[in-house]
Amino acid sequence: MKRATEEDLVRFFAMTRRQGKCLVWTGARRQGHRPYGRFTHDGKARSAHRWIYEQVHGKLRDDIDVMHKCDNPPCVEINHLTIGTRTDNIQDAVSKGRVLAGERHPGAKLTVPFVREIRRLYGSGNFTQRELAEQFGVSPSTISSIVNEVSYAIR
Ligand SMILES: [Zn+2]
């Protein structure tokens, strides 16, 4: 899995719209009864919610699903996504934390492109720090230190 660049994240979040607590995909959707967003990255069309989840948490094993706690298939809000289960076997892997196909992303959630994208979104004036915290699955104090450049000295 290729890591997202800042440009990828800008492109991704440009295809979303806040709808209540959900961040809903406005780009292409998969046909059928689970209308997941479709996002093309590195030449491959992917489920948008799975793509963003893997960008944050690391590449998942193919037999692990990314599910919606909000039961809203086009939602891509990180906090509304969770890894799920098709069989008891997978439930076991999930409970033991053996779900990643590769290594956990170093530095976990907030890589440079994410930090830049958070600053850009905050700077747009369209999002509060609390909304960004929900969207990126981090605490409001983390967002605060990012937008105030306290602990993330990245330009
Ligand atoms: Zn949602």
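Order of listing sets the numbers, starting from 1, for every ligand and every atom in it. Quantities reported herein were computed from a predicted structural model and do not represent experimental measurements.
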With salt bridge (charged side-chain N to carboxylate O under 4.0 Å, His left out) as the rule and sequence neighbours excluded, what pairs involving residues 11-25 come up?
Asp8-Arg11, Arg18-Glu77

Side chains of Ser141 and Ser144, donor plus acceptor under 3.5 Å
no

Give every protein N, O or S atom lying under 2.8 Å from the Zn ion (ligand 1), naming each by residue and atom.
Cys22 SG, Cys70 SG, Cys75 SG, His80 ND1

Between atom CD1 of Ile118 and atom CD1 of Ile146, what is the distance when rounded to the nearest 0.5 Å?
4.0 Å

Do the two ring centres, one from Phe12 and one from Trp25, sit under 6.0 Å apart?
yes

Please confirm whether the backbone N or O of His49 pairs with a side-chain atom of Ser47, one donor and one acceptor, at under 3.5 Å?
no

Pair Tyr122 + Phe127: ring centers closer than 6.0 Å:
no

